[in-house]
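To keep things clear, I will list the structure first and then write my remarks on it.
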Amino acid sequence: IESNLHQQKTMMSAIEDERPTMVEKGEASLPSIEDGTSNRSLPAAIPKSDSMDEIPVNGPMRGLSVRSGVADLPTAEEVRNDPGQIPGGGGWTKKKIMIVSGVVIVLLAIIVGVSVGVSNKNKKEATASSATILDEAQRVRLSSVAFFLIDEGISLEDAVMTAGSPQNRATAFMAIEDGAQLQVPLSKADPLAFKFIQRYALATFYYALGGESWYYAMNFLTPDDTCLWFQTILTTGGQRNNFGAQCSLNGHVRVILLPWNNMAGELPPEIGLLTALEFVAIPSNRDVRGALPSEMKKLTNLEFLMLSQNKLNGPVPEWIGDLTKLTSLVLGDNAFQSSIPMTIRNLDQLNGLSLDGNTLYGQLDAVEHLTNLRFLYLEKNQLEQTLGSDTLRNLTKLEQLDLSDNIFDGRVPRHLLHMSALDVLDLSDNILSGKLPSTIPRNSALNFLFLHGNQLSGDIPSS
(Lines give C-alpha, C1' and ligand atoms only; values in the text may rest on other atoms or scores of the structure.)
Protein backbone atom coordinates (compact mmCIF):
# COMPACT_ATOMS: atom_id res chain seq x y z
CA ILE A 1 0.00 0.00 0.00
CA GLU A 2 1.82 3.07 -1.20
CA SER A 3 -0.17 5.46 0.98
CA ASN A 4 -3.20 5.07 3.22
CA LEU A 5 -3.59 8.65 4.30
CA HIS A 6 -6.45 9.43 1.90
CA GLN A 7 -8.29 6.31 3.09
CA GLN A 8 -7.73 7.45 6.66
CA LYS A 9 -9.30 10.79 5.79
CA THR A 10 -12.41 9.60 3.91
CA MET A 11 -12.96 5.93 4.83
CA MET A 12 -12.73 5.82 8.62
CA SER A 13 -15.71 3.53 8.91
CA ALA A 14 -14.14 1.01 6.56
CA ILE A 15 -10.89 1.06 8.49
CA GLU A 16 -12.78 0.61 11.74
CA ASP A 17 -14.38 -2.50 10.21
CA GLU A 18 -10.88 -3.88 9.65
CA ARG A 19 -10.05 -3.66 13.37
CA PRO A 20 -8.33 -6.89 14.46
CA THR A 21 -10.87 -9.06 16.25
CA MET A 22 -9.46 -12.56 16.30
CA VAL A 23 -6.02 -13.70 17.33
CA GLU A 24 -4.36 -16.87 16.12
CA LYS A 25 -4.82 -19.74 18.58
CA GLY A 26 -7.82 -18.13 20.20
CA GLU A 27 -10.38 -15.41 19.68
CA ALA A 28 -10.09 -12.14 21.53
CA SER A 29 -11.42 -8.67 20.83
CA LEU A 30 -9.07 -5.73 20.81
CA PRO A 31 -10.30 -2.60 22.62
CA SER A 32 -12.50 -0.25 20.67
CA ILE A 33 -11.32 3.25 19.82
CA GLU A 34 -13.15 5.85 21.84
CA ASP A 35 -15.61 8.14 20.12
CA GLY A 36 -14.17 11.28 18.64
CA THR A 37 -10.75 9.96 17.73
CA SER A 38 -8.86 11.16 14.70
CA ASN A 39 -9.49 9.65 11.30
CA ARG A 40 -5.77 9.02 10.81
CA SER A 41 -5.97 5.34 11.69
CA LEU A 42 -3.57 2.52 10.97
CA PRO A 43 -3.79 1.02 7.50
CA ALA A 44 -5.13 -2.50 7.28
CA ALA A 45 -1.87 -3.91 5.95
CA ILE A 46 1.83 -3.26 5.95
CA PRO A 47 2.83 -1.16 2.95
CA LYS A 48 5.11 -2.83 0.47
CA SER A 49 7.69 -1.47 -1.89
CA ASP A 50 10.19 -2.91 -4.28
CA SER A 51 12.88 -2.59 -1.63
CA MET A 52 11.04 -4.78 0.87
CA ASP A 53 11.10 -8.56 0.93
CA GLU A 54 7.87 -10.45 1.54
CA ILE A 55 7.49 -11.45 5.20
CA PRO A 56 6.38 -15.08 5.58
CA VAL A 57 3.46 -15.43 7.99
CA ASN A 58 5.49 -17.69 10.22
CA GLY A 59 8.59 -15.51 10.06
CA PRO A 60 11.83 -16.09 8.18
CA MET A 61 13.63 -17.55 11.17
CA ARG A 62 11.21 -20.41 11.85
CA GLY A 63 13.05 -23.62 12.63
CA LEU A 64 16.39 -22.04 13.52
CA SER A 65 17.81 -22.87 16.92
CA VAL A 66 18.08 -19.91 19.25
CA ARG A 67 19.94 -21.87 21.90
CA SER A 68 22.97 -22.78 19.85
CA GLY A 69 24.95 -19.85 21.21
CA VAL A 70 24.70 -20.42 24.95
CA ALA A 71 27.58 -18.63 26.60
CA ASP A 72 30.48 -20.80 27.77
CA LEU A 73 30.96 -19.08 31.12
CA PRO A 74 34.04 -19.48 33.35
CA THR A 75 33.78 -20.71 36.90
CA ALA A 76 33.90 -18.29 39.81
CA GLU A 77 37.35 -19.61 40.83
CA GLU A 78 38.69 -19.04 37.32
CA VAL A 79 37.39 -15.48 37.33
CA ARG A 80 38.96 -14.72 40.71
CA ASN A 81 42.32 -16.09 39.57
CA ASP A 82 42.20 -14.56 36.10
CA PRO A 83 39.89 -11.57 35.42
CA GLY A 84 40.69 -12.03 31.76
CA GLN A 85 38.26 -14.95 31.76
CA ILE A 86 35.43 -12.41 31.73
CA PRO A 87 34.49 -11.29 28.21
CA GLY A 88 36.69 -8.33 27.43
CA GLY A 89 39.91 -10.11 28.36
CA GLY A 90 42.56 -9.07 30.81
CA GLY A 91 42.39 -5.46 29.67
CA TRP A 92 39.75 -4.59 32.22
CA THR A 93 40.67 -1.54 34.23
CA LYS A 94 39.92 -1.06 37.89
CA LYS A 95 37.18 1.40 36.90
CA LYS A 96 35.54 -1.15 34.61
CA ILE A 97 35.54 -3.80 37.32
CA MET A 98 33.95 -1.33 39.73
CA ILE A 99 31.33 -0.41 37.14
CA VAL A 100 30.35 -4.01 36.55
CA SER A 101 30.36 -4.78 40.26
CA GLY A 102 27.96 -1.91 40.81
CA VAL A 103 25.75 -3.07 37.95
CA VAL A 104 25.60 -6.59 39.36
CA ILE A 105 24.57 -5.29 42.77
CA VAL A 106 21.82 -3.15 41.23
CA LEU A 107 20.61 -5.94 38.98
CA LEU A 108 20.58 -8.45 41.81
CA ALA A 109 18.38 -6.07 43.74
CA ILE A 110 15.73 -5.96 41.03
CA ILE A 111 15.84 -9.62 39.96
CA VAL A 112 14.12 -10.55 43.23
CA GLY A 113 10.43 -10.08 42.59
CA VAL A 114 10.75 -8.47 39.16
CA SER A 115 7.78 -9.10 36.91
CA VAL A 116 8.78 -10.65 33.61
CA GLY A 117 6.09 -10.06 31.01
CA VAL A 118 6.43 -13.20 28.91
CA SER A 119 2.81 -13.37 27.78
CA ASN A 120 -0.35 -11.49 28.62
CA LYS A 121 -2.18 -12.46 25.46
CA ASN A 122 -5.25 -13.59 27.37
CA LYS A 123 -5.11 -10.75 29.90
CA LYS A 124 -3.23 -12.94 32.37
CA GLU A 125 -0.97 -11.04 34.70
CA ALA A 126 2.72 -11.67 34.25
CA THR A 127 4.02 -13.80 37.07
CA ALA A 128 6.68 -12.43 39.38
CA SER A 129 9.94 -14.23 39.72
CA SER A 130 10.43 -15.86 43.07
CA ALA A 131 13.38 -14.82 45.16
CA THR A 132 16.41 -15.83 43.13
CA ILE A 133 19.83 -16.67 44.43
CA LEU A 134 22.24 -16.52 41.53
CA ASP A 135 25.00 -19.05 41.19
CA GLU A 136 28.48 -17.93 40.26
CA ALA A 137 28.02 -18.60 36.55
CA GLN A 138 24.91 -16.40 36.50
CA ARG A 139 26.76 -13.64 38.31
CA VAL A 140 29.53 -13.75 35.75
CA ARG A 141 27.04 -13.71 32.87
CA LEU A 142 25.24 -10.79 34.46
CA SER A 143 28.48 -8.83 34.70
CA SER A 144 29.49 -9.66 31.13
CA VAL A 145 26.13 -8.53 29.72
CA ALA A 146 26.23 -5.28 31.67
CA PHE A 147 29.82 -4.57 30.69
CA PHE A 148 29.15 -5.27 27.01
CA LEU A 149 26.21 -2.86 26.96
CA ILE A 150 28.12 -0.09 28.73
CA ASP A 151 31.57 -0.50 27.21
CA GLU A 152 30.24 -0.76 23.64
CA GLY A 153 28.10 2.36 24.08
CA ILE A 154 24.85 0.49 23.53
CA SER A 155 23.22 2.05 26.58
CA LEU A 156 24.34 4.72 29.01
CA GLU A 157 25.92 3.52 32.22
CA ASP A 158 23.44 5.45 34.36
CA ALA A 159 20.50 3.90 32.54
CA VAL A 160 21.82 0.35 32.97
CA MET A 161 22.65 0.91 36.64
CA THR A 162 19.42 2.66 37.68
CA ALA A 163 17.28 0.08 39.44
CA GLY A 164 13.98 -0.51 37.68
CA SER A 165 14.83 1.44 34.53
CA PRO A 166 13.86 -0.17 31.20
CA GLN A 167 17.56 -0.68 30.41
CA ASN A 168 18.20 -2.15 33.85
CA ARG A 169 15.34 -4.61 33.52
CA ALA A 170 16.30 -5.52 29.95
CA THR A 171 19.85 -6.25 31.13
CA ALA A 172 18.52 -8.60 33.79
CA PHE A 173 16.29 -10.25 31.21
CA MET A 174 19.13 -10.85 28.74
CA ALA A 175 21.42 -12.17 31.46
CA ILE A 176 19.13 -14.32 33.59
CA GLU A 177 15.49 -14.53 32.57
CA ASP A 178 15.79 -14.98 28.81
CA GLY A 179 15.17 -18.58 27.79
CA ALA A 180 17.29 -18.13 24.66
CA GLN A 181 20.47 -17.25 26.60
CA LEU A 182 22.26 -15.82 23.57
CA GLN A 183 26.03 -15.76 23.76
CA VAL A 184 27.31 -12.41 24.99
CA PRO A 185 29.35 -10.82 22.17
CA LEU A 186 32.90 -9.68 22.79
CA SER A 187 32.19 -6.51 20.80
CA LYS A 188 29.75 -4.97 18.37
CA ALA A 189 32.05 -6.20 15.59
CA ASP A 190 31.11 -9.83 16.24
CA PRO A 191 29.13 -11.19 13.27
CA LEU A 192 26.09 -12.13 15.36
CA ALA A 193 26.26 -9.21 17.78
CA PHE A 194 23.31 -7.60 15.98
CA LYS A 195 21.03 -10.42 17.15
CA PHE A 196 21.97 -9.83 20.78
CA ILE A 197 21.67 -6.05 20.41
CA GLN A 198 18.28 -6.05 18.70
CA ARG A 199 16.93 -8.53 21.26
CA TYR A 200 18.09 -6.21 24.04
CA ALA A 201 16.66 -3.18 22.20
CA LEU A 202 13.24 -4.80 21.85
CA ALA A 203 13.27 -5.89 25.49
CA THR A 204 14.03 -2.30 26.49
CA PHE A 205 11.22 -1.13 24.20
CA TYR A 206 8.88 -3.58 25.94
CA TYR A 207 9.75 -2.42 29.45
CA ALA A 208 9.82 1.29 28.52
CA LEU A 209 6.28 1.13 27.09
CA GLY A 210 4.69 -0.88 29.90
CA GLY A 211 4.79 -4.27 28.22
CA GLU A 212 3.22 -6.05 31.18
CA SER A 213 0.04 -4.03 30.58
CA TRP A 214 -0.17 -4.47 26.81
CA TYR A 215 -3.39 -6.01 25.62
CA TYR A 216 -1.27 -8.49 23.68
CA ALA A 217 2.38 -9.26 24.38
CA MET A 218 2.91 -10.21 20.70
CA ASN A 219 5.30 -12.96 21.85
CA PHE A 220 7.77 -10.40 23.23
CA LEU A 221 10.24 -11.83 25.77
CA THR A 222 9.58 -15.44 24.77
CA PRO A 223 12.58 -17.73 24.10
CA ASP A 224 11.84 -17.52 20.37
CA ASP A 225 14.08 -15.62 18.00
CA THR A 226 13.12 -11.92 17.90
CA CYS A 227 11.98 -12.47 14.30
CA LEU A 228 9.10 -14.44 15.84
CA TRP A 229 8.08 -11.76 18.31
CA PHE A 230 4.76 -11.16 16.60
CA GLN A 231 1.24 -12.54 16.44
CA THR A 232 -0.84 -13.15 13.34
CA ILE A 233 -4.20 -11.42 13.65
CA LEU A 234 -7.20 -12.03 11.44
CA THR A 235 -9.30 -8.94 10.77
CA THR A 236 -13.04 -9.02 10.31
CA GLY A 237 -12.39 -8.55 6.61
CA GLY A 238 -10.54 -11.85 6.52
CA GLN A 239 -7.06 -10.39 6.11
CA ARG A 240 -4.16 -11.82 8.10
CA ASN A 241 -1.64 -9.33 9.45
CA ASN A 242 1.44 -9.83 11.59
CA PHE A 243 1.45 -7.46 14.57
CA GLY A 244 4.63 -7.00 16.59
CA ALA A 245 8.23 -7.11 15.35
CA GLN A 246 9.10 -8.63 12.00
CA CYS A 247 12.35 -9.20 10.15
CA SER A 248 13.88 -9.14 6.73
CA LEU A 249 15.25 -12.39 5.36
CA ASN A 250 18.68 -11.61 6.86
CA GLY A 251 17.22 -11.53 10.38
CA HIS A 252 17.26 -7.76 10.97
CA VAL A 253 14.12 -6.23 12.48
CA ARG A 254 12.53 -4.05 9.82
CA VAL A 255 8.92 -3.66 11.07
CA ILE A 256 7.38 -2.64 14.40
CA LEU A 257 3.59 -2.68 14.13
CA LEU A 258 1.79 -2.22 17.47
CA PRO A 259 -1.47 -0.26 17.21
CA TRP A 260 -4.22 -0.11 19.85
CA ASN A 261 -2.20 -2.05 22.40
CA ASN A 262 -2.45 0.00 25.61
CA MET A 263 1.18 1.08 25.47
CA ALA A 264 2.31 3.69 27.99
CA GLY A 265 5.64 5.39 28.55
CA GLU A 266 8.39 7.11 26.61
CA LEU A 267 10.10 5.74 23.54
CA PRO A 268 13.55 4.60 24.72
CA PRO A 269 16.73 5.77 22.98
CA GLU A 270 17.53 2.12 22.27
CA ILE A 271 15.02 2.19 19.42
CA GLY A 272 17.85 3.83 17.51
CA LEU A 273 19.75 0.53 17.67
CA LEU A 274 17.29 -1.01 15.21
CA THR A 275 18.87 0.66 12.21
CA ALA A 276 17.29 -1.72 9.67
CA LEU A 277 13.77 -0.49 10.52
CA GLU A 278 11.73 0.49 7.48
CA PHE A 279 8.23 0.62 8.97
CA VAL A 280 7.21 1.82 12.45
CA ALA A 281 3.55 2.20 13.42
CA ILE A 282 2.43 2.52 17.04
CA PRO A 283 -0.66 4.74 16.80
CA SER A 284 -3.66 5.00 19.11
CA ASN A 285 -1.93 3.88 22.29
CA ARG A 286 -3.18 6.82 24.37
CA ASP A 287 -0.21 7.22 26.71
CA VAL A 288 2.93 7.00 24.59
CA ARG A 289 4.36 10.32 25.70
CA GLY A 290 7.44 12.51 25.86
CA ALA A 291 9.72 13.80 23.15
CA LEU A 292 10.97 11.73 20.25
CA PRO A 293 14.44 10.45 21.23
CA SER A 294 17.21 11.94 19.13
CA GLU A 295 18.60 8.44 18.58
CA MET A 296 15.77 7.92 16.09
CA LYS A 297 17.76 9.97 13.60
CA LYS A 298 19.85 6.81 13.10
CA LEU A 299 16.84 5.10 11.51
CA THR A 300 17.78 6.27 8.04
CA ASN A 301 16.09 3.29 6.36
CA LEU A 302 12.63 4.33 7.58
CA GLU A 303 10.03 4.63 4.85
CA PHE A 304 6.88 4.78 6.98
CA LEU A 305 6.59 6.38 10.44
CA MET A 306 3.19 6.55 12.17
CA LEU A 307 3.00 7.75 15.77
CA SER A 308 -0.42 9.40 15.67
CA GLN A 309 -3.04 9.56 18.45
CA ASN A 310 -0.60 9.45 21.35
CA LYS A 311 0.70 12.08 23.81
CA LEU A 312 4.06 12.86 22.27
CA ASN A 313 5.25 16.40 22.91
CA GLY A 314 8.10 18.82 22.44
CA PRO A 315 9.11 20.15 19.03
CA VAL A 316 8.89 18.29 15.77
CA PRO A 317 12.63 17.57 15.71
CA GLU A 318 15.04 19.06 13.19
CA TRP A 319 16.63 15.65 12.65
CA ILE A 320 13.43 14.40 11.03
CA GLY A 321 14.93 15.76 7.83
CA ASP A 322 17.69 13.15 8.06
CA LEU A 323 15.19 10.35 7.37
CA THR A 324 15.31 10.96 3.64
CA LYS A 325 13.72 7.63 2.63
CA LEU A 326 10.41 8.52 4.30
CA THR A 327 7.39 8.32 2.03
CA SER A 328 4.80 8.71 4.83
CA LEU A 329 5.14 10.70 8.06
CA VAL A 330 2.12 10.58 10.38
CA LEU A 331 2.46 12.50 13.66
CA GLY A 332 -1.09 13.79 13.98
CA ASP A 333 -3.10 14.12 17.19
CA ASN A 334 -0.25 14.52 19.64
CA ALA A 335 1.01 17.52 21.60
CA PHE A 336 3.92 18.68 19.46
CA GLN A 337 4.58 22.39 19.81
CA SER A 338 6.89 24.09 17.32
CA SER A 339 7.06 25.40 13.81
CA ILE A 340 7.34 22.91 10.99
CA PRO A 341 11.12 22.39 10.81
CA MET A 342 12.72 23.62 7.62
CA THR A 343 14.71 20.38 7.41
CA ILE A 344 11.50 18.61 6.42
CA ARG A 345 12.09 19.93 2.92
CA ASN A 346 14.82 17.26 2.64
CA LEU A 347 12.14 14.57 2.53
CA ASP A 348 11.72 14.77 -1.22
CA GLN A 349 10.21 11.26 -1.44
CA LEU A 350 7.39 12.13 0.94
CA ASN A 351 3.91 11.58 -0.50
CA GLY A 352 1.94 11.70 2.75
CA LEU A 353 2.39 14.20 5.62
CA SER A 354 0.06 14.36 8.61
CA LEU A 355 0.84 16.87 11.36
CA ASP A 356 -2.76 17.71 12.25
CA GLY A 357 -4.07 18.08 15.78
CA ASN A 358 -0.93 19.50 17.40
CA THR A 359 0.08 23.03 18.39
CA LEU A 360 2.21 23.96 15.41
CA TYR A 361 2.75 27.60 14.54
CA GLY A 362 4.48 29.61 11.85
CA GLN A 363 4.10 29.33 8.09
CA LEU A 364 4.13 26.76 5.30
CA ASP A 365 7.61 27.46 3.94
CA ALA A 366 8.94 24.03 4.94
CA VAL A 367 6.38 22.10 2.89
CA GLU A 368 6.51 24.26 -0.24
CA HIS A 369 9.32 22.11 -1.69
CA LEU A 370 7.71 18.69 -1.11
CA THR A 371 6.67 18.32 -4.73
CA ASN A 372 5.81 14.62 -4.44
CA LEU A 373 3.17 15.21 -1.75
CA ARG A 374 -0.23 13.70 -2.49
CA PHE A 375 -1.79 14.03 0.97
CA LEU A 376 -1.16 16.98 3.28
CA TYR A 377 -3.01 17.27 6.60
CA LEU A 378 -2.19 20.30 8.76
CA GLU A 379 -5.58 21.05 10.32
CA LYS A 380 -6.18 21.90 13.97
CA ASN A 381 -2.96 23.81 14.59
CA GLN A 382 -2.05 27.48 14.98
CA LEU A 383 -0.41 28.01 11.60
CA GLU A 384 -0.66 31.60 10.45
CA GLN A 385 -0.08 32.96 6.96
CA THR A 386 -1.71 35.06 4.28
CA LEU A 387 -2.61 32.67 1.47
CA GLY A 388 -1.51 34.06 -1.86
CA SER A 389 -1.14 33.24 -5.52
CA ASP A 390 2.02 31.19 -4.88
CA THR A 391 0.93 29.26 -1.79
CA LEU A 392 1.61 25.55 -2.38
CA ARG A 393 1.57 26.18 -6.13
CA ASN A 394 4.41 23.70 -6.71
CA LEU A 395 2.58 20.80 -5.05
CA THR A 396 0.88 19.77 -8.27
CA LYS A 397 0.40 16.12 -7.23
CA LEU A 398 -1.81 16.95 -4.26
CA GLU A 399 -4.94 14.83 -3.99
CA GLN A 400 -6.07 15.93 -0.52
CA LEU A 401 -5.25 19.17 1.27
CA ASP A 402 -6.59 20.06 4.71
CA LEU A 403 -5.58 23.42 6.21
CA SER A 404 -8.74 23.87 8.29
CA ASP A 405 -8.91 25.23 11.82
CA ASN A 406 -5.79 27.41 11.68
CA ILE A 407 -5.25 31.19 11.38
CA PHE A 408 -4.86 31.54 7.61
CA ASP A 409 -6.10 34.78 6.10
CA GLY A 410 -6.29 36.29 2.61
CA ARG A 411 -8.40 35.00 -0.26
CA VAL A 412 -9.15 31.50 -1.47
CA PRO A 413 -6.24 30.84 -3.86
CA ARG A 414 -7.62 30.35 -7.37
CA HIS A 415 -4.80 27.97 -8.37
CA LEU A 416 -5.80 25.46 -5.70
CA LEU A 417 -9.12 25.02 -7.49
CA HIS A 418 -7.29 24.34 -10.74
CA MET A 419 -4.99 21.56 -9.48
CA SER A 420 -5.58 18.61 -11.76
CA ALA A 421 -5.36 15.89 -9.09
CA LEU A 422 -6.90 17.65 -6.07
CA ASP A 423 -9.96 15.73 -4.85
CA VAL A 424 -10.43 17.25 -1.37
CA LEU A 425 -9.76 20.86 -0.34
CA ASP A 426 -10.60 21.94 3.20
CA LEU A 427 -9.92 25.58 4.14
CA SER A 428 -12.70 25.85 6.71
CA ASP A 429 -12.49 27.61 10.09
CA ASN A 430 -9.83 30.16 9.20
CA ILE A 431 -10.19 33.91 8.61
CA LEU A 432 -10.25 33.95 4.81
CA SER A 433 -12.15 36.90 3.32
CA GLY A 434 -13.25 38.37 0.02
CA LYS A 435 -15.13 36.72 -2.81
CA LEU A 436 -14.81 33.23 -4.13
CA PRO A 437 -13.15 32.73 -7.52
CA SER A 438 -15.83 33.28 -10.15
CA THR A 439 -15.41 29.89 -11.77
CA ILE A 440 -14.17 26.42 -11.00
CA PRO A 441 -12.81 24.52 -14.03
CA ARG A 442 -15.23 21.93 -15.39
CA ASN A 443 -12.42 19.40 -15.71
CA SER A 444 -11.37 19.84 -12.08
CA ALA A 445 -10.87 16.65 -10.04
CA LEU A 446 -12.29 18.49 -7.03
CA ASN A 447 -15.13 16.57 -5.38
CA PHE A 448 -15.11 18.04 -1.86
CA LEU A 449 -14.69 21.73 -1.06
CA PHE A 450 -15.04 23.03 2.52
CA LEU A 451 -14.96 26.78 3.12
CA HIS A 452 -17.31 27.29 6.09
CA GLY A 453 -16.25 29.24 9.15
CA ASN A 454 -14.51 32.04 7.25
CA GLN A 455 -15.43 35.65 6.35
CA LEU A 456 -16.21 35.14 2.69
CA SER A 457 -18.71 37.28 0.78
CA GLY A 458 -20.44 37.40 -2.56
CA ASP A 459 -22.13 34.79 -4.69
CA ILE A 460 -21.39 31.09 -4.94
CA PRO A 461 -20.22 30.45 -8.52
CA SER A 462 -22.71 28.42 -10.56
CA SER A 463 -19.99 26.09 -11.85
Side-chain angles (χ1 to χ4, degrees), residues 60-61 66 69 87 103 107 144-162 165-175 177-178 180 182-211 218-221 224-230 244-248 250-258 263 265-282 288 290-305 307 312 317 319-320 322-323 325-326:
M61 305 301 289
V66 297
V103 172
L107 291 174
S144 63
V145 170
F147 178 69
F148 170 72
L149 296 174
I150 295 170
D151 197 53
E152 292 294 313
I154 294 168
S155 286
L156 295 176
E157 177 184 337
D158 286 348
V160 173
M161 294 184 67
T162 299
S165 72
Q167 296 80 3
N168 184 270
R169 298 186 68 187
T171 301
F173 167 75
M174 294 295 295
E177 303 287 352
D178 187 7
L182 297 185
Q183 183 173 348
V184 184
L186 295 178
S187 73
K188 287 192 291 188
D190 286 4
L192 293 180
F194 81 91
K195 295 181 70 64
F196 188 95
I197 293 170
Q198 72 181 15
R199 193 175 186 87
Y200 166 76
L202 287 175
T204 304
F205 180 89
Y206 176 89
Y207 288 122
L209 295 176
M218 304 300 182
N219 289 329
F220 273 56
L221 304 193
D224 291 334
D225 189 280
T226 49
C227 294
L228 299 177
W229 284 8
F230 67 85
Q246 298 157 64
C247 295
S248 59
N250 62 10
H252 290 268
V253 174
R254 74 172 183 93
V255 172
I256 293 179
L257 178 59
L258 288 166
M263 300 166 75
E266 298 186 9
L267 290 169
E270 284 73 16
I271 193 174
L273 297 170
L274 303 173
T275 55
L277 278 172
E278 299 174 17
F279 183 101
V280 173
I282 54 173
V288 177
L292 296 180
S294 60
E295 288 78 6
M296 288 185 69
K297 66 184 177 183
K298 301 174 184 177
L299 305 181
T300 55
N301 288 305
L302 268 183
E303 298 179 16
F304 189 101
L305 178 60
L307 302 173
L312 297 167
W319 52 257
I320 203 74
D322 295 339
L323 308 183
K325 291 185 179 181
L326 278 175

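Predicted, not measured: the structure shown is a model, and the values here were computed from it.
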task: Might you work through the side-chain contact (heavy atoms from CB on, under 4.5 Å) test for I154 and V160, ending with a clear yes or no?
output: CA-CA 10 Å; I154 294 168; V160 173; over 6 Å; no
With rounding to the nearest 0.5 angstrom, report the [atom1] to [atom2] distance, [X] to [Y].
| X | Y | atom1 | atom2 | result |
| --- | --- | --- | --- | --- |
| T300 | D322 | OG1 | CG | 9.0 Å |
| M174 | F148 | CE | CZ | 9.0 Å |
| Q246 | M218 | CD | CE | 10.0 Å |
| R254 | E303 | CZ | CD | 8.5 Å |
| I320 | K297 | CD1 | NZ | 12.0 Å |

message: For I282 and I256: C-alpha separation, side-chain torsions, deciding distance, then whether side-chain contact (heavy atoms from CB on, under 4.5 Å) applies.
response: CA-CA 8 Å; I282 54 173; I256 293 179; 4.2 Å; yes
Is there a side-chain contact between [X] and [Y] (heavy atoms, below 4.5 Å)?
| X | Y | result |
| --- | --- | --- |
| N301 | K325 | yes |
| L228 | N219 | no |
| V184 | V145 | yes |
| L149 | Q167 | no |
| W319 | L292 | yes |
| F205 | L258 | yes |
| I197 | E152 | no |
| Y200 | T171 | yes |

Taking all atoms of both residues into account, what is the closest heavy-atom pair of [X] and [Y], and its distance?
| X | Y | value |
| --- | --- | --- |
| A193 | S187 | CB-O, 3.5 Å |
| F304 | A281 | CE2-CB, 4.5 Å |
| S155 | E270 | OG-OE2, 2.6 Å |
| I271 | P293 | CG2-CG, 4.2 Å |
| L299 | L323 | O-CD2, 3.3 Å |

Can any side-chain N or O of [X] pair as donor or acceptor with the backbone N or O of [Y] at less than 3.5 Å?
| X | Y | result |
| --- | --- | --- |
| D151 | F147 | no |
| Q198 | G251 | yes |
| W229 | G244 | no |

- prompt: Looking at T226, D225, D178, T204, which hits side chain to side chain donor-acceptor pair (under 3.5 Å) with R199?
  reply: D178
- request: Test L277 against every option in L274, T275, L273 by the side chain to side chain contact (heavy atoms under 4.5 Å, CB included) rule and name the one that passes.
  value: L274
- request: Could you go through the side-chain contact (heavy atoms from CB on, under 4.5 Å) check for L267 and M296 one step at a time?
  value: CA-CA 10 Å; L267 290 169; M296 288 185 69; 4.3 Å; yes
- request: Compute the ring centroids of F173 and Y206, then answer whether they are less than 6.0 Å apart.
  value: no
